[in-house]
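Below is one structure; the comments refer to it alone.
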Amino acid sequence: MNCTAIVLAAGQGKRMKSKIQKQFLLLKGKPVLFYSISCFEKSSEIDDIIIVTGAESVEYVKREIVEPFGFQKVKAVVTGGKERYDSVYEGLKACQNCDYVFIHDGARPFVTEEMIERGKKAVIAGGACVLGVPSKDTVKITDEEGFVESTPKRARVWNIQTPQIFSYPEIYSAYQKAKQEGMQGITDDAMVMEQYGSLKVKLEEGAYDNIKITTPEDILLAEQILETLEEE
């Protein structure tokens with residue numbers, strides 16, 4: 001069976017307050033994007049990698065990341081769309097001979113081989129799974145005016161991460177339906193499957209270190225995590 005990783009690197013990173021897009025910022029001397037691609041490159045579970053980035057960054061990614069680091073599994077660097085889900089759809093269209101697809105945010109540098117293996121077992125069993133971690137905090141649901149409407153049981157609340165892993169035919173079909181119907185309010189791939197697909201999405205535990213770099217403070221935290229990992 002063929003497993004393809006789609007790595008999303010088209011975000012603008014407005015909250016980072018930097019002229020450099022967050023996926024291209026340096027983390028211990030290497031671009032943030034390098035780390036997740038490197039993990040998929042080394043993983044025995046992944047056959048192909050598709051990178052999705054902005055039109056203005058396609059040649060940069062090829063020249064400054066894929067070629068110098070010798071990534072052999074990268075089969076294509078494609079142009080993304082206006083929204084995240086548009087970029088995922090472009091990545092899905094670029095996949096070839098794919099049975100299972102791992103959709104991952106390039107701003108999450110700390111995906112591991114263990115997560116990939118765990119996710120693959122789950123997707124083979126059920127066809128759809130996402131990584132996440134149980135919420136450490138109590139979560140409140142509010143009404144439109146900001147007043148508390150309900151408090152879900154914390155034991156059943158998860159913070160969702162990537163990779164999000166699916167049977168390729170199932171998620172591609174769900175995305176096609178979503179695109180036809182306008183795809184409003186979609187914030188992750190699991191929602192596409194939930195609303196337009198036919199499979200239940202299984203939650204598998206990721207890691208609290210599997211952070212998404214969004215703000216300047218996250219770079220500092222990422223450096224600390226990387227130092228800890230290097231010491232292990």
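No hydrogens, no waters, no symmetry mates; every other heavy atom, side chains included, goes into these values.
Of the candidates Glu45, Glu204, Glu113, Lys120 forms a salt bridge (Lys or Arg N to Asp or Glu O under 4.0 Å) with just one, namely Glu45.
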Please step through side chain to side chain contact (heavy atoms under 4.5 Å, CB included) for the pair Thr79 and Thr53, ending with a clear verdict. CA-CA 5 Å; Thr79 301; Thr53 191; over 6 Å; no
Verdict with reasoning, Phe24 to Phe34, per side chain to side chain contact (heavy atoms under 4.5 Å, CB included): CA-CA 9 Å; Phe24 302 138; Phe34 159 84; over 6 Å; no
Run the side chain to side chain contact (heavy atoms under 4.5 Å, CB included) test on Phe147 and Thr142 for me, step by step, so that the C-alpha distance in whole Å, both residues' side-chain angles and the decisive distance to 0.1 Å come before the verdict. CA-CA 5 Å; Phe147 291 96; Thr142 69; over 6 Å; no
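Between Asp86 and Lys179 there is a salt bridge, since at least one side-chain N of the basic residue sits less than 4.0 Å from a carboxylate O of the acidic one. Between Arg118 and Glu114 there is a salt bridge, since at least one side-chain N of the basic residue sits less than 4.0 Å from a carboxylate O of the acidic one.
Although no hydrogens or angles enter the test, the distance criterion places no donor-acceptor pair under 3.5 Å between the side chain of Gln23 and the main chain of Val32.
Nearest approach of Met1 to Asp47, heavy atoms of both residues: O-OD2, 3.6 Å.
Side-chain contact check for Gln164 and Asp188: at least one donor-acceptor pair (N or O, by modelled atom type) lies under 3.5 Å.
Sorted by first and then second residue, the pairs that involve residues 65-85 and meet salt bridge (Lys or Arg N to Asp or Glu O under 4.0 Å), not counting sequence neighbours, are Arg84-Asp105, Arg84-Asp189.
In this structure, Lys136 satisfies the cation-pi test against Tyr208, with its NZ or CZ atom closer than 6.0 Å to the six-membered ring centre and inside 45 degrees of the ring normal.
Using a 30° and 60° split on the angle between ring planes, Tyr172 and Tyr168 fall in the parallel class, below 30°.
Taking the side chain to side chain donor-acceptor pair (under 3.5 Å) definition, one finds that Asp209 meets it with nothing, sequence neighbours left out.
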